[in-house]
Amino acid sequence: MTNKNIYNDLQSRNMVHDAIEGVADLLGSKSVTLYNGFDPTADSLHIGHMVPMIALARFQRFGHHVIALAGGGTGMIGDPSGKSDERNLLTADETRHNVEQIQKQLSHFLDFEVKTNPARILNNGDWLNKINLIDFLRDIGKHFSVNAMLAKDSVRSRIDRESGISFTEFSYSLLQSYDYYHLFKNHGCTLQVGGSDQWGNITAGVELIRRKLGETAYGLVYPLIKKKDGSKFGKTAGGAVWLDPKRTSPYKFYQFWLNADDGDVINFLRFYTFFDMDKIAELEDKTVNHPEERAAQRALAEEMTYMMHGQKALDNARQATAALFGGDIDGLSADDIRDIFSDVPSKSIHNADLAGAPIDLATFLSETTGFLKSKGEARRAIAEGGIYLNNRRAADPALIVTPANFIEGSFLVLRRGKKNYFLVKLAG
RNA sequence: GGACGGUUACCCAAGUGGCCAACGGGGUCUGACUGUAAAUCAGAUAGCAGAAGCUUUCGGAGGUUCGAAUCCUUCACCGUCCA
């Protein structure tokens, strides 16, 4: 870390999308208490949340006091920012469960033990659930102009849509503003950070604090991560890339970063890693001159997997990658297969299942194993040349699957396309 | 409560009695090329069968008709305007 000031560090990473005037001076002059909210809409965060998470860790490393705010209360309402449609409401139980899970994930990055400035996790349900409606409308609501709220992007874009916006979500920014007010008053929190979609909510909170207390609070937002083609970041064929290894295996997680586009990878390094700018510049140089080596992608994938899932998971992901993309898997033993494919979806079948009527490949892929949704899809996939048995293309839909196809009589590796694996285990 | 408009496959959207399993675009999948890229090109994208054919689908239910996504009735939801 070459910059002494977190603001400069963020700026050199292109991570300051917008900031309230004075933030740079504030962060340069003293240790600040700041917070970032996390919405418990699912029981795991995904990589879209990692930028703010890691950014909080950056603040902490620079000696600031960070608060991760789990939205146990606001999560019950739903933030309209960045959402094109009304959300389904979560139950109190779901929300509580999600908050617990998310807290665990936050603890991967934040240090709660350090004496000088330990990170804290608070849950806004602790105060929001106690609010009295009349008091809230009189004390807080009075400070908000509906005219101004209607002008906000997040609201206006929804009003323009057919489905509209409910009063529930419309009120969301009042609650988030109240959070900030509460933290400002009770925890001395003077800065709120978040993704750029939070700008409106943050400034609303700043405004509330100014009106109620006559004091100045600050806000800073990061750009939303976009891929260079403008498509949504963090989605793969299987959906979002989650931090929970049960939802997205470490191998898939590793692969996700490894597959980053040349045009995106440097930005990802800036946003997601703690690498200093010299190291990033070096990797950028390699990407420009020797893109085929994908040095930046490799560094990114290793760093991210290590940070999130640890050394052992990284080793496994690396080993699996070497085996799967290195060539033939026929040379592998059953034990190797078991290890390498521990992440991959699998299905156990019995010898008896193959002993009866002969099972052709298309039926095997769909009905027997459930790898593909329907026999038609299986037939199509085979005809397209997209099906591989033990990494060898299988082009004949009439092929009969027998125990002889299984490595050491126990494993059959199915593959669709380049990267979709499925393991069939044969048991006696 | 009233008037009008809308509800089509993953999304957007065409289709207003048979030529509709439903134009087009996006997305997704597969192949070729490649660096496990990008861009590009090609094919696929309801189920069963895979030659023909059959079954289920156009908000829900019912009806008219030889035949409906298309017409009628009714219900639900959404939007706009009026109260």
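Toward the 5′ end of RNA chain B lies the nearest nucleotide of Pro291(A), the other residue of the pair Glu367(A) and Pro291(A) mapping further downstream.
As a whole-Å value, the separation of Leu365(A) CG from C29(B) P is 18 Å. We find that CG of Leu300(A) is positioned 15 Å from C1' of U36(B), with the value rounded to whole Å. Distance Trp257(A) CH2 to G35(B) C1': 20 Å, rounded to the nearest Å.
Residue side chain Glu384(A) reaches the base of G43(B) through a donor-acceptor N/O pair under 3.5 Å, judged by distance alone.
Here Gln105(A) pairs with Ser44(A) under the side chain to side chain donor-acceptor pair (under 3.5 Å) rule; sequence neighbours left out. Looking at residues two or more places apart in sequence or on another chain, you find a salt bridge (Lys or Arg N to Asp or Glu O under 4.0 Å) between Lys373(A) and Glu377(A). Under the salt bridge (Lys or Arg N to Asp or Glu O under 4.0 Å) criterion, Arg247(A) pairs with Asp43(A), sequence neighbours left out.
For Arg416(A), the side-chain atoms get nearest to C29(B) when compared with the rest of C29(B), U36(B), G35(B). The nucleotide whose nearest atom lies closest to any side-chain atom of Arg380(A) is, among G35(B), A44(B), A37(B), A44(B). Comparing U36(B), C48(B), A38(B) by their nearest atom to the side chain of Asp261(A) picks out A38(B). Checking C29(B), G35(B), G47(B) against the side-chain heavy atoms of Asn420(A) singles out C29(B) as nearest. For Arg379(A), the side-chain atoms get nearest to A49(B) when compared with the rest of A49(B), U36(B), A37(B).
Note on ring orientation: taking the six-membered ring where Trp is involved, the planes of Trp242(A) and His46(A) are perpendicular (angle over 60°, cut-offs 30° and 60°).
Applying the 4.0 Å criterion to OP1 and OP2 of G35(B), one finds that Asn259(A) has every side-chain N and O outside that range.
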Which donor-acceptor pairs under 3.5 Å do side chains of residues 135-147 of chain A form with protein atoms, sequence neighbours excluded?
residue, atom, partner, partner atom, Å
His143(A), NE2, Asp139(A), O, 3.3
Ser145(A), OG, Asn147(A), N, 3.2
Ser145(A), OG, Ala148(A), N, 2.9

Atom pairs, protein N/O to nucleotides 32-34 of chain B N/O, distance under 3.5 Å:
residue, atom, partner, partner atom, Å
A32(B), OP1, Arg393(A), NH2, 3.3

Between the protein and nucleotides 52-58 of chain B, which nitrogen or oxygen pairs come in under 3.5 angstrom?
none

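Checking G17(B) for Watson-Crick or G-U wobble geometry (two distances, each under 3.5 Å) identifies no partner in any strand. Within the shown strands, nothing qualifies as a pairing partner of A37(B) under the Watson-Crick or G-U definition with both distances less than 3.5 Å.
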Candidate pair Glu207(A) and Arg210(A), rule salt bridge (charged side-chain N to carboxylate O under 4.0 Å, His left out), full reasoning: CA-CA 5 Å; Glu207(A) 187 66 11; Arg210(A) 192 181 64 74; 2.8 Å; yes
